[in-house]
Each structure stands twice: as C-alpha cells, then as structure tokens.
Amino acid sequence: MPELPEVETIKRKLKDNILNEVIKEVNIYYPNIIENVSIDEFKSKLIGQQIIDMDRRGKWIIFVLNDYYLLSHLRMEGKYVYRKHDDEVEKHEHVAFLFESGLELRYRDTRKFGRMYLLDKEDAFNKKPLNELGLEPWDNSLTSDYLLDKYKTKKLPIKSVILDQSIIVGIGNIYADEILFKSHINPLCKTNELNSNDCDNIIKYTKETLEDAINLGGTTIRSYESTEGVHGNFQDNLLVHNHEGYSCPKCNTTIIKIRVGGRGTYYCPNCQK
DNA sequence: AGTGCGACCCGAACGC
DNA sequence: TGCGTTCGGGTCGCAC
C-alpha cells in the first residue's frame with residue numbers, strides 16, 4: 001500500500017526513467033481512472049508534452065509537464081511499469097503513455113482504485129486535490145502548536161486523525177501504527193486530549209519513520225510484487241503493524257489488533273496507555 | 001461543521 | 001477440479 005515513502009521511491013524511479021521524454025500517444029482502457037477531465041481532453045492535452053520534472057505532494061505523484069501537472073494517486077495497488085508499444089496490454093493495465101523514444105509507461109492497478117488529475121500549472125495549487133492537502137512532514141510550519149490547534153476540536157481517536165491528509169500528508173495505515181507506538185500514544189486516545197509533548201512526539205517520529213522507510217525503499221507487504229513496482233525492505237523494521245500475537249520489541253507484552261474507524265490497528269497495550 | 005459509514009474494486013484468505 | 005464469504009486499503013460522498 002503506497003504511503004509517502006513508497007510514493008517517493010516510485011517518483012524517484014520514474015524521474016530516472018522518463019525525464020525529458022515527450023508524450024506521443026495516450027491510451028486509456030479504464031476511463032474511471034481519469035478524474036477531472038474527459039478522456040478526449042486528457043489525451044489531446046497530453047500529446048506533445050514533455051516530462052520536465054517529477055515531483056510529489058503527499059501521496060500524489062506529480063508529472064511536471066510544459067503546461068500541465070499530471071497527478072497520479074496509486075491508492076492501494078497502483079504501480080507503473082515499462083513496456084514496448086507492441087507488448088500485449090495486460091489485464092490490469094489501465095492507462096498507457098507512449099513516448100517519442102518508443103518507451104511506453106503503463107499504469108497498472110489491480111483494484112482500479114487509483115486516480116489521475118490533469119491540471120493547468122497556473123492555478124493547480126488552488127484546485128482539488130492539491131488545495132486540500134495539509135503539511136508535508138518536513139515542512140517547518142509543522143509544529144506542536146499547529147497540531148494542537150488542529151487537534152483541539154477533534155474527538156475522534158488519534159489513529160483516525162493521523163490519517164487525515166488535510167493535517168499532515170503521507171501517513172497511511174501502516175506508518176500510523178508505527179508512529180503512535182514510538183510516541184507511546186494509544187490509538188484510541190481522543191485527539192483533543194493530546195498535549196504538546198504528544199504532538200512533538202508525533203512530529204518527531206513521523207519524520208523519523210518516514211525517512212527510515214524512504215531510505216529502505218518503502219515497505220513491501222501483502223500484494224506488492226517485486227518487478228517494476230516498489231519492493232522495499234522496511235517491512236523488516238516494522239515494530240507493531242502486522243505483528244498481532246507477537247511480542248512488543250520494548251516490553252515483551254503481546255501486541256494486539258483492534259479496529260479503529262474501520263481500520264486494522266496494531267498496538268502494545270502496555271507501552272501505549 | 002464534525003462524524004460515521006457505505007461505496008468503490010478484486011484477489012487472497014478464510015470458513016465450512 | 002470447491003465454493004461462498006470476508007477482508008483490506010485510501011478517499012469520497014452521503015446521511016445524520
């Protein structure tokens with residue numbers, strides 16, 4: 001499940017592989033992937049555009065083109081693969097970008113959950129989805145005061161709020177559990193009951209956890225194949241997520257799994273009170 | 001406005 | 001030669 005570290009890894013890989021390529025042709029096999037423009041508009045605007053940079057905002061990959069930003073969200077299982085134009089289109093390949101060089105980049109997504117937006121560069125940051133995003137983990141504006149202000153009205157459990165992309169971007173279900181464990185915060189704790197020290201810990205361990213994961217190329221659990229998607233190694237460093245029934249690495253208490261806001265949540269009932 | 005929940009998807013895992 | 005059901009994951013839209 002691509003969260004920020006996986007998306008960052010994929011973005012860097014894309015930059016290595018397709019920087020300066022010029023789009024010659026676009027084929028779409030599952031139109032629902034394209035969110036804010038018609039299929040015809042999507043194709044006609046993209047043809048002739050050059051990949052002049054690759055960027056990332058939260059879990060969104062940004063293809064920086066001459067006149068547009070192409071945004072791509074992988075949701076759970078989206079990935080990019082490189083093919084030749086003649087190669088048969090496989091079952092879960094939904095969008096294909098053919099470049100002048102003959103290389104073809106294909107978007108593959110088993111569950112069809114991923115989405116793409118095509119935005120004019122001019123006002124892209126004033127438009128959905130970019131205008132709804134909170135702070136990057138390394139933004140200097142991310143302080144305990146900022147979090148306290150956002151948290152003070154929220155009665156939801158912190159586990160749910162730490163996933164809220166309008167506050168801090170990039171944290172998904174896996175890293176949320178890890179960050180709360182390192183911060184010694186119970187995932188069910190009401191968000192408005194957290195103090196300044198808790199917020200400092202959340203910020204500190206969000207940065208630390210995501211940095212470590214990026215350095216290891218992200219996390220690979222469940223469905224990710226090793227081919228051209230991301231195959232990271234951070235899964236070996238997970239402390240509580242997916243560790244139901246195992247011992248807490250700090251105190252040896254058995255890690256338990258509960259559901260919070262409908263999501264599987266792992267924590268140590270002794271360390272996180 | 002804040003909150004809760006189903007919908008979107010489909011392969012894997014599970015239960016019998 | 002099993003088959004029907006449940007689960008999970010991020011986000012949106014709708015109902016309260």
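Proteins come first, then strands; the chains are lettered A, B, ... in the order of their sequence lines, and each starts at number 1. All values reported here derive from a predicted model rather than from experimental measurement.
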Salt bridge (charged side-chain N to carboxylate O under 4.0 Å, His left out) pairs touching residues 24-35 of chain A, sequence neighbours excluded, are A:Glu35-A:Arg115
note: A:Lys152, atom NZ; B:dA1, atom C1'; distance rounded to Å ~ 15 Å
With sugar-phosphate taken as primed atoms, P, OP1 and OP2 and all else as base, the protein-contact string of nucleotides 2-7 of chain B at under 4.0 Å (heavy atoms; B, S, -) is -SS---
**Report entry** Under-4.0 Å side-chain N/O to phosphate OP1/OP2 contact, A:Arg115 with C:dG10
**Finding:** no
A:Tyr266 OH to C:dC7 C1', in whole Å, measures 11 Å
A:Lys112 atom NZ is separated from B:dC9 atom C1', nearest whole Å, by 8 Å
(message) Within the 4.0 Å heavy-atom criterion, would you say A:Asn32 contacts the bases, only the backbone, or no part of the nucleic acid?
(response) sugar-phosphate
For A:Ser141 and A:Asp139, test the side chains for any donor-to-acceptor distance below 3.5 angstrom and give the result as yes or no. yes
Taken in chain and number order and not counting sequence neighbours, the residues that satisfy ring pair (Phe, Tyr, Trp, His ring centres under 6.0 Å) with A:His92 are none
Residues passing the side-chain hydrogen bond (donor to acceptor under 3.5 Å, both in side chains) test with A:Lys204, sequence neighbours excluded, are none
Ranking C:dG10, B:dC9, C:dG8 by distance to the side chain of A:Lys257, first place goes to C:dG8
Residues 254-273 of chain A vs ring pair (Phe, Tyr, Trp, His ring centres under 6.0 Å), sequence neighbours excluded, gives A:His241-A:Tyr266
Sequence neighbours excluded, the answer for side-chain hydrogen bond (donor to acceptor under 3.5 Å, both in side chains) partners of A:Lys159 is A:Asn173, A:Asp177, A:Thr265
Distance below 4.0 Å between A:His92 side-chain N/O and B:dC9 OP1 or OP2
no
Whole-Å distance, A:Lys79 NZ to B:dG11 C1', equals 12 Å
Among C:dG8, C:dG10, B:dC10, the one nearest any side-chain atom of A:Phe113 is C:dG10
In whole angstroms, the gap separating P of B:dG11 from CD of A:Glu77 amounts to 9 Å
Hits for ring pair (Phe, Tyr, Trp, His ring centres under 6.0 Å) against A:Phe113, two or more places apart or cross-chain, chain-then-number order -> none
task: May I ask you to check whether A:Tyr69 and A:Phe63 place their ring centres under 6.0 Å from each other?
output: no
Report all interatomic pairs (protein N or O, nucleotide N or O of nucleotides 11-13 of chain C) with separations under 3.5 Å.
from, atom 1, to, atom 2, distance (Å)
C:dT11, OP1, A:His73, NE2, 2.7
C:dT11, OP2, A:Lys59, NZ, 3.3

Sorted by chain and number, sequence neighbours left out, side-chain hydrogen bond (donor to acceptor under 3.5 Å, both in side chains) with A:Glu211 holds for A:Trp138
To the nearest angstrom, the CG-P distance between A:Leu74 and C:dG10 comes to 12 Å
Residues at least two apart in sequence or cross-chain that pass side-chain contact (heavy atoms from CB on, under 4.5 Å) with A:Asn32, listed by chain then number, are A:Tyr30
Read 5' to 3' with Watson-Crick or G-U pairs under 3.5 Å, [ ] for crossing pairs and | for partners on another strand, DNA chain C gives .|||||||||||||||
Sorted by chain and residue number, the ring pair (Phe, Tyr, Trp, His ring centres under 6.0 Å) partners of A:Tyr29 (sequence neighbours excluded) come out as none
